[in-house]
S.K.: 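Input: one structure, supplied below.
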There are 2 protein chains.
Amino acid sequence: MRWEELDRQPCSLARSLSIVGDRWTLLVLRECFLRVRRFEEFEQRLGIARHVLADRLKKLTDAGVLEKVPYQERPRREEYRLTEKGLDLYPVMLSLLDWGDKWMAEPEGPPVLRRHKACGHVVHAVHTCSECGEVLGARDMTVEIGPGAKGGELPPAATAEGNPSK
Amino acid sequence: MRWEELDRQPCSLARSLSIVGDRWTLLVLRECFLRVRRFEEFEQRLGIARHVLADRLKKLTDAGVLEKVPYQERPRREEYRLTEKGLDLYPVMLSLLDWGDKWMAEPEGPPVLRRHKACGHVVHAVHTCSECGEVLGARDMTVEIGPGAKGGELPPAATAEGNPSK
DNA sequence: TTCTATCGGTTCCGAAACGGAACCGACATG
DNA sequence: CATGTCGGTTCCGTTTCGGAACCGATAGAA
């Protein structure tokens with residue numbers, strides 16, 4: 001499979017990866033969530049090669065995850081901001097973060113703790129069902145053909161998306 | 001920054017990416033959640049180059065995300081299975097899946113629907129607070145130094161992990 | 001006016017990673 | 001003993017990456 005074919009596969013995971021399934025892209029997005037917005041600052045904080053950064057920012061902008069907003073004229077300079085589509089990636093970041101906290105941290109614990117403003121506790125995220133509110137585990141769902149399926153049957157990759165009862 | 005330095009950074013997101021922040025790795029893991037376990041089957045379903053597949057399976061095994069389990073002797077053959085650490089990546093997959101469903105699907109809708117066995121509804125995942133159960137948004141948390149921090153201060157990347165009040 | 005600095009890139013080079021195809025080793029089967 | 005299966009490894013040509021230099025528009029200082 002070629003990498004460019006990914007965004008045409010009938011699998012939402014593959015399509016997501018066509019945008020964020022890249023070494024640098026998620027680190028760039030981490031900085032975006034930190035409110036880093038300028039080329040220079042991305043470069044300094046990440047130590048990324050400039051042309052790779054330019055390429056990733058362009059791809060993210062083309063994908064509608066970031067948008068260029070002018071912050072000065074003469075000389076015209078633009079900064080990169082998360083769009084709504086980009087902000088919606090927050091759960092992805094949070095999932096990766098929680099997994100890293102649990103499995104990749106030093107013996108003493110994670111480097112950073114997150115405290116929920118509303119309840120005051122140190123927290124992590126729990127995936128729950130959008131309809132009934134129960135915790136969603138890896139084997140709690142069945143899959144079925146969606147309206148965007150091609151050929152009227154589950155794509156080979158489909159069952160991976162919710163795990164079959166098999 | 002070199003790629004090998006990622007797993008030593010004081011940032012759980014970076015550390016997670018040192019394992020799953022790769023083009024092919026998450027697609028291999030998608031197949032794992034689909035209960036694909038054998039070299040041949042990964043290769044056929046993904047169309048991945050064999051030596052790249054061998055490399056990814058080795059890295060995932062070394063990282064403790066997969067484990068090799070013999071399924072026959074003479075000739076000895078082994079298959080790859082998700083460990084507990086690997087199964088814990090399910091929220092990551094689900095987040096990417098939901099984002100793809102929302103932002104990358106065809107106009108008609110996503111290719112696959114997931115139905116919650118418990119409540120019977122077509123669902124997506126919602127991130128909620130592990131302590132109070134409320135929905136967690138991108139700006140609902142503050143960050144503070146964790147026990148695994150180095151140097152007694154928030155790493156530069158830290159605030160990205162929960163977003164500062166700034 | 002020229003000199004230097006800033007910001008957001010682009011260009012170029014050598015090294016690393018990738019796609020594709022061939023090959024290999026340990027067996028089993030016909 | 002020829003062929004097939006499975007899980008790799010090796011090799012080669014192309015793509016991508018890291019690192020450094022360069023560029024274009026402009027501002028401010030000398």
Side-chain angles (χ1 to χ4, degrees), chain A residues 1-9 14 17-29 31-32 35-63 66-81, chain B residues 1-9 14 17-29 31-32 35-63 66-81:
Chain A
M1 175 172 47
R2 283 274 176 20
W3 197 243
E4 313 93 56
E5 303 167 27
L6 255 194
D7 63 345
R8 275 167 273 141
Q9 282 198 214
L17 292 181
S18 74
I19 295 180
V20 300
D22 169 80
R23 293 181 140 78
W24 281 113
T25 302
L26 281 167
L27 288 174
V28 168
L29 287 170
E31 300 302 317
C32 290
R35 300 174 206 270
V36 168
R37 290 170 181 163
R38 297 185 189 175
F39 192 94
E40 196 95 342
E41 203 177 356
F42 284 111
E43 192 211 347
Q44 286 167 13
R45 295 175 57 94
L46 293 173
I48 183 176
R50 294 173 72 88
H51 67 294
V52 176
L53 175 58
D55 176 75
R56 294 302 181 278
L57 289 171
K58 181 169 191 323
K59 280 180 178 156
L60 285 170
T61 304
D62 290 348
L66 300 181
E67 60 185 344
K68 289 177 91 158
V69 180
Y71 68 90
Q72 80 174 28
E73 302 289 340
R74 233 170 336 275
R76 184 182 182 84
R77 295 274 155 74
E78 296 174 301
E79 60 184 17
Y80 296 88
R81 296 194 186 214
Chain B
M1 176 171 47
R2 284 273 176 21
W3 199 243
E4 313 93 57
E5 302 168 27
L6 257 194
D7 63 345
R8 276 167 274 140
Q9 281 198 213
L17 292 181
S18 73
I19 294 180
V20 299
D22 169 81
R23 294 182 139 81
W24 282 113
T25 302
L26 281 167
L27 288 174
V28 168
L29 287 170
E31 300 302 318
C32 291
R35 301 175 204 269
V36 168
R37 289 170 181 164
R38 298 184 189 175
F39 193 92
E40 196 95 342
E41 203 178 356
F42 284 111
E43 192 210 348
Q44 285 166 13
R45 295 174 56 94
L46 292 173
I48 183 175
R50 295 173 71 87
H51 66 295
V52 175
L53 176 58
D55 177 74
R56 293 303 182 279
L57 289 172
K58 180 170 193 322
K59 279 179 178 157
L60 285 170
T61 304
D62 290 349
L66 300 180
E67 60 184 346
K68 289 176 92 159
V69 180
Y71 67 90
Q72 79 174 28
E73 302 289 339
R74 234 170 341 275
R76 183 182 181 84
R77 295 273 157 72
E78 295 175 303
E79 60 184 17
Y80 296 89
R81 295 193 186 215

S.K.: Tell me whether the side-chain N or O atoms of B:R74 pair up with the base of C:dC27 as donor and acceptor below 3.5 Å, since no angle test is needed here.
M.R.: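 Donor-acceptor pair under 3.5 Å: no.
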S.K.: Of all the choices, D:dC6, D:dA27, C:dT10, which nucleotide is nearest to the side chain of A:R50 once you look at every atom?
M.R.: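 Closest of the options to the side chain of A:R50: C:dT10.
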S.K.: I want to check one thing: is the phosphate of D:dG8, taken as OP1 and OP2, less than 4.0 Å away from some side-chain N or O of B:K68?
M.R.: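 Answer yes for this pair, as a side-chain N or O of B:K68 is under 4.0 Å from OP1 or OP2.
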S.K.: Quick check on D:dC17: is either OP1 or OP2 less than 4.0 Å from any side-chain nitrogen or oxygen of A:R56?
M.R.: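 Yes, within the criterion.
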S.K.: Would you say A:R37 reaches C:dG8's phosphate, i.e. side-chain N/O to OP1/OP2 under 4.0 Å?
M.R.: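 Looking at the OP1 and OP2 atoms of C:dG8, neither is under 4.0 Å from any side-chain N or O of A:R37.
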S.K.: Within a strict 4.5 Å, meaning less than it, do heavy atoms of the A:I48 and A:F42 side chains meet?
M.R.: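 With C-beta onward as the side chain, the pair stays apart.
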S.K.: Over all strands shown, is B:R76 touching base, sugar-phosphate only, or nothing at heavy-atom distances under 4.0 angstrom?
M.R.: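 No contact at all - B:R76 keeps every heavy atom at 4.0 Å or more from the nucleic acid.
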S.K.: Can you find a heavy atom in the side chain of B:F39 that is under 4.5 Å from one in the side chain of B:R50?
M.R.: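 B:F39 vs B:R50: side chains touch.
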S.K.: Could you please name the option among D:dG7, D:dA25, C:dC18 that lies closest to any side-chain atom of A:P75?
M.R.: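 Among D:dG7, D:dA25, C:dC18, the one nearest the side chain of A:P75 is D:dA25.
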S.K.: When the distance from CG of A:D22 to P of D:dC17 is rounded to whole Å, what number comes out?
M.R.: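 So the CG-P distance, A:D22 to D:dC17, works out to 6 Å.
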S.K.: Within this structure, what is the CD-CD distance for the pair A:Q44 and A:E31, rounded to the nearest 0.5 Å?
M.R.: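 Between atom CD of A:Q44 and atom CD of A:E31 there are 11.5 Å.
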S.K.: Looking only at side-chain N and O atoms, does B:W24 come under 4.0 Å of OP1 or OP2 in C:dC18?
M.R.: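 False: B:W24 side-chain N/O out of range (4.0 Å or more) of C:dC18 OP1/OP2.
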S.K.: Is it true that A:R81 and A:E67 have a side-chain N and a carboxylate O under 4.0 angstrom from each other?
M.R.: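 Result for this pair is no, no salt bridge flagged.
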S.K.: Mapping A:E78 and A:H51 onto DNA chain C by nearest heavy atom, which one lands closer to the 5' end?
M.R.: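 Result of the comparison: A:E78.
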S.K.: Rounded to whole Å, please give me the gap between CZ in B:R77 and P in C:dG25.
M.R.: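 It is 15 Å, rounded to the nearest whole Å.
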